[in-house]
Amino acid sequence: MMTVRNLQLEWQQRLRGAYPLQGYPLSDQGALTLAWPHPIEPRTYEVVRIVSEQSRETVARFSAEILQKLLLSAVAESFLGMRPEEVYLFAEGEKRRLIMEKRVIYLDAGMDIGGSRFAALYSDISGQNFALVYGTFAGKTLWSVELEGVANCVAVQQEGRRIATAYESGLIQLFDANMRECWRFETEEPVTLLAYAAEGEELAYGTQTGWIGLLDAEGTRRWQTKVAGPIHAIAMAREGQLSVALCGSEENPRVPTKLICLDQAGQPVWDYEGDVPFTGLACSPSGEYIAASAQGSRFSLYRVVSVAVEAATASRKDWKAYVQLGQESGDMKTALQNLYSYLEECPDDVECWQQFEQLRAQWMADVQQELAHLRAEGDWEAALALLQEALAFQPYDVALFQQSVELRQRFAEALLQQANDHLQEGQVEAVEALLRKAILLRPDHVEARRLLQEFRAGRAQEADKEAQERLMQGDTQGALACYERAQALAPTTERAQIIAHLQVQMDFELGKQAYDRSRYAEAIFQFRKVLQRDPNHAEAKRYLEFAQRFEQDTLSDTVSDRFRNLEE
């Protein structure tokens with residue numbers, strides 16, 4: 001694996017009036033894309049690509065009011081500007097405004113590195129309702145979705161494949177390009193920043209109290225690290241192999257004066273404290289370059305000096321941070337998970353293993369205490385879930401496995417009792433789900449299987465009875481639906497024959513109705529369906545022959561009418 005040894009300053013310049021770094025403005029070659037005011041024309045800005053300290057090229061020009069946020073890309077000439085009242089999309093030399101049906105307040109916006117897709121987070125004027133809109137830089141809105149609470153940030157993956165948003169409640173929610181929800185992840189505190197790498201599916205997040213975390217494509221936390229002060233900016237190399245953040249220092253945690261680099265395991269590997277607060281951050285897709293903007297329009301480009309290290313020693317010196325963070329936050333399970341992952345890379349670290357065993361023993365004592373409480377309360381589902389977490393750290397513990405077997409049995413018995421109670425009270429809606437869950441917990445539970453069989457047979461009898469009543473009322477279609485429901489519950493050969501007979505009868509009746517209305521093509525179709533199921537159906541044969549003859553006569557009359565019209 002690679003780790004950061006040092007950062008070398010390539011150049012530093014004061015660029016008056018330039019917007020802080022946001023988006024994906026840094027290329028793998030170290031070219032930095034910036035926007036600053038035109039020296040003569042008012043409200044006009046130039047997008048400039050700084051190839052080296054002495055070489056610049058103008059990429060684009062645009063006019064706009066002062067923007068709260070400007071997202072640029074090093075590989076595209078599309079960029080996004082945001083004000084609380086407006087979102088502007090700049091592409092192919094044109095400026096488009098995001099049009100909404102009503103007046104809204106924009107809270108955040110994001111774009112992909114290719115400048116093809118964007119997403120914006122907004123609320124109504126009252127600040128009570130929140131929503132997410134997703135679209136293309138051609139100005140086309142593809143969809144919008146109402147959100148569940150107070151949301152504050154959004155990030156867009158490459159080519160707009162996924163869109164992430166975070167809530168003040170600590171929830172991170174991920175949608176795909178078709179508005180389907182992919183996953184949810186609950187953090188311990190509000191998330192204030194989200195960031196995607198230029199390439200890859202990993203999502204980084206930052207919190208106001210200084211936590212940085214990385215989630216994989218499935219929404220599982222890969223790592224989480226605590227630094228000093230709130231996180232003000234995050235940038236990543238592809239696949240999360242390098243993460244960079246701006247945060248406060250221990251002396252002044254709320255002012256972003258510290259630039260910190262973290263490796264792919266989330267361990268801090270390099271940091272630098274500036275003399276003035278930082279305002280923006282960027283990382284090249286390869287992780288070879290880092291750029292930062294600071295107060296006073298100061299821009300700096302750094303080259304990352306990395307070194308290959310053995311995986312078994314890459315983060316050996318830092319594993320104690322996991323223990324400390326777990327003790328401080330009280331989240332011993334996360335600390336154990338981090339130590340367990342570390343030990344998979346460093347199996348020869350005896351000191352870490354001893355610490356892991358000590359923490360595991362402490363955590364297991366808490367688990368057993370909580371298990372006793374849950375058992376007393378009869379909350380078998382929560383107790384079993386907690387025990388499964390414990391087994392993940394001690395998969396070969398015979399006592400834990402026996403506890404798991406006992407809990408599964410108790411839980412299955414409780415579900416069986418609930419099912420019987422529902423039956424006695426006439427509340428049959430949840431009975432089958434309860435019995436199926438009991439059988440899943442205990443596949444050898446014969447009583448649950450027998451009760452499920454009896455329950456389904458009883459429901460089938462009720463459906464049969466309803467079907468017979470509908471037949472007496474002349475409702476063939478309704479009767480067929482009842483018989484089909486009964487057959488799905490408890491299939492029999494006799495009922496299958498009844499269903500087949502009714503299907504033939506229904507198709508014949510539909511064909512007869514179409515025939516009586518002179519809709520001969522439809523009648524032919526229905527009679528043929530009847531004969532496919534019952535080749536000896538005499539009436540269907542007879543009516544099919546009549547319908548075909550009348551259909552042919554109708555076609556002939558139509559052709560004759562056409563020739564007659566031509567002659568006239």
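All values derive from a computational prediction rather than experimental measurement. In this chain, residues are counted from 1 in sequence order.
- Salt bridge annotation for Glu65-Arg43: present, with a cationic side-chain nitrogen under 4.0 angstrom from a carboxylate oxygen.
- Using a 4.5 Å cut-off on side-chain heavy atoms (C-beta onward), Asn152 and Leu107 make no contact.
- Using a distance-only test at 3.5 Å, with no hydrogens or angles considered, a donor-acceptor pair links the side chain of Arg14 to the main chain of Gly296.
- Residues Ala237 and Ala197 approach most closely at O-CB, 3.2 Å, considering heavy atoms.
- Ion pairing between a basic and an acidic side chain is recognised when a charged N comes within 4.0 Å of a carboxylate O; Lys437 and Glu381 show such pairing.
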- Begin with the C-alpha distance, continue with both residues' side-chain angles, and end with the deciding distance and a verdict on side chain to side chain donor-acceptor pair (under 3.5 Å) for Arg221 and Tyr205. CA-CA 10 Å; Arg221 183 157 57 194; Tyr205 64 87; 3.1 Å; yes
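- Residue pairs meeting the ring-ring contact (aromatic ring centres under 6.0 Å, His included) criterion with at least one member in residues 17-48, sequence neighbours excluded: Tyr19-Tyr45, Tyr45-Phe62.
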- Item | From CA spacing to verdict: side-chain contact (heavy atoms from CB on, under 4.5 Å), Trp353, Asp349 | CA-CA 6 Å; Trp353 173 255; Asp349 196 327; over 6 Å; no
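- The CD atom of Glu288 sits 7.5 Å away from the CG atom of Asp28 when rounded to the nearest 0.5 Å.
- For residues 176-187, the pairs satisfying side-chain hydrogen bond (donor to acceptor under 3.5 Å, both in side chains) are Glu148-Arg184, Gln173-Glu181, Asp176-Arg180, Glu181-Arg184, with sequence neighbours left out.
- At distances below 3.5 Å, at least one donor-acceptor pair connects side-chain atoms of Gln157 with backbone N or O atoms of Gly200.
- Side-chain atoms of Asn6 do not come within 3.5 Å of backbone N or O of Val305 as any donor-acceptor pair.
- Considering every non-hydrogen atom in both Val156 and Ala119, the closest pair reads CG2-CB, 3.7 Å.
- The closest donor-acceptor contact from the side chain of Arg254 to the backbone of Gly248 lies at 3.5 Å or more, if one exists at all.
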- Query: For Trp270 and Val304, what are the C-alpha separation, side-chain angles and deciding distance, and is it a side-chain contact (heavy atoms from CB on, under 4.5 Å)?
  - Reply: CA-CA 10 Å; Trp270 194 89; Val304 178; over 6 Å; no
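- Annotation for Gln208: atom CD does not count as buried by contact number, only 12 or fewer foreign heavy atoms lying within 6.0 Å.
- Proximity of Thr192 to Pro230: side-chain heavy atoms (C-beta onward) are nowhere separated by under 4.5 Å.
- Remark: the backbone N or O of Gly266 is paired with a side-chain donor or acceptor of Thr225 at under 3.5 angstrom.
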- List the steps, then state whether side-chain contact (heavy atoms from CB on, under 4.5 Å) holds for Leu21 with Phe299. CA-CA 9 Å; Leu21 296 177; Phe299 290 79; 4.0 Å; yes
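- In this structure, the side chains of Met236 and Leu214 come closer than 4.5 Å at one or more pairs of heavy atoms.
- Using modelled atom types, no side-chain atom of Ser27 and backbone atom of Ala74 make a donor-acceptor pair closer than 3.5 Å.
- The structure places OG1 of Thr165 at 7.5 Å from CZ of Phe175, a figure rounded to the nearest 0.5 Å.
- The minimum heavy-atom distance linking Arg49 with Ala76 is given by the pair NH2-O, 3.7 Å.
- Checking each of Ile212, Thr334, Leu215, Asp263 against Trp223 for a side-chain contact (heavy atoms from CB on, under 4.5 Å) leaves exactly one that passes, namely Ile212.
- In this structure, the side chain of Ser73 does not engage the main chain of Gly114 through any donor-acceptor pair within 3.5 Å.
- Here the CD atom belonging to Gln241 is positioned 7.5 Å from the OG atom belonging to Ser286, to the nearest 0.5 angstrom.
- Of the inter-residue distances, the one linking Ile113 atom CD1 with Glu159 atom CD reads 10.5 Å to the nearest 0.5 angstrom.
- One distance of note links CG of Asp275 with CD of Gln295; it measures 10.5 Å at 0.5 Å rounding.
- Using a 4.0 Å cut-off between a side-chain N of Lys or Arg and a carboxylate O of Asp or Glu, Asp112 and Arg161 do not qualify as a salt bridge.
- Nearest heavy atoms, Ile231 versus Cys247: CD1-CB, 4.1 Å.
- Pairing each heavy atom of Val87 with each of Ala120, the nearest pair is CG2-CB, 4.4 Å.
- Of the possible polar contacts, none joining the Lys258 side chain to the Pro253 backbone as a donor-acceptor pair under 3.5 Å is found.
- The two atoms that bring Ser293 and Pro20 nearest to each other are OG-CA, 3.6 Å, heavy atoms only.
- Classification of the Phe118-Phe137 ring pair by plane angle, with boundaries at 30° and 60°, yields perpendicular.
- In this structure, Leu15 and Leu34 have side chains that are in contact, with non-hydrogen atoms separated by less than 4.5 Å.
- No more than 12 heavy-atom neighbours from other residues, nucleotides or ligands sit within 6.0 angstrom of CD on Glu77.
- Contact check for Tyr196 versus Gln158: no side-chain heavy atoms found under the 4.5 Å cut-off.
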- Check the pair Glu188, Gln224 against side-chain contact (heavy atoms from CB on, under 4.5 Å), reporting the backbone distance first and the verdict last. CA-CA 11 Å; Glu188 294 77 9; Gln224 182 173 260; 3.8 Å; yes
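- Counting non-hydrogen atoms of neighbouring residues, nucleotides and ligands closer than 6.0 angstrom, the CD1 atom of Ile105 exceeds 12 such neighbours.
- Between Leu72 and Val59 the shortest side-chain heavy-atom distance does not fall below 4.5 Å.
- Within a 6.0 Å sphere centred on CD of Glu189, heavy atoms belonging to other residues, nucleotides or ligands number more than 12.
- In this pair, Phe90 and Tyr88 present their aromatic rings tilted. The plane angle is within the 30 to 60° band.
- Of the possible polar contacts, none joining the Arg303 side chain to the Gly30 backbone as a donor-acceptor pair under 3.5 Å is found.
- Note that CD of Glu46 and OG1 of Thr58 are 4.5 Å apart. Values are rounded to the nearest 0.5 Å.
- Ion pairing of Lys333 with Asp366 is absent here, as no side-chain N (NZ or NE/NH1/NH2) approaches a carboxylate O to less than 4.0 Å.
- Taking 4.5 Å as the limit, some side-chain heavy atom of Asp108 sits within range of a side-chain heavy atom of Lys69.
- The closest donor-acceptor contact from the side chain of Trp143 to the backbone of Leu132 lies at 3.5 Å or more, if one exists at all.
- A side-chain contact (heavy atoms from CB on, under 4.5 Å) with Tyr167 holds for exactly one of Val150, Leu147, Ile172; it is Leu147.
- No side-chain heavy atom of Ser116 sits under 4.5 Å from any side-chain heavy atom of Thr136.
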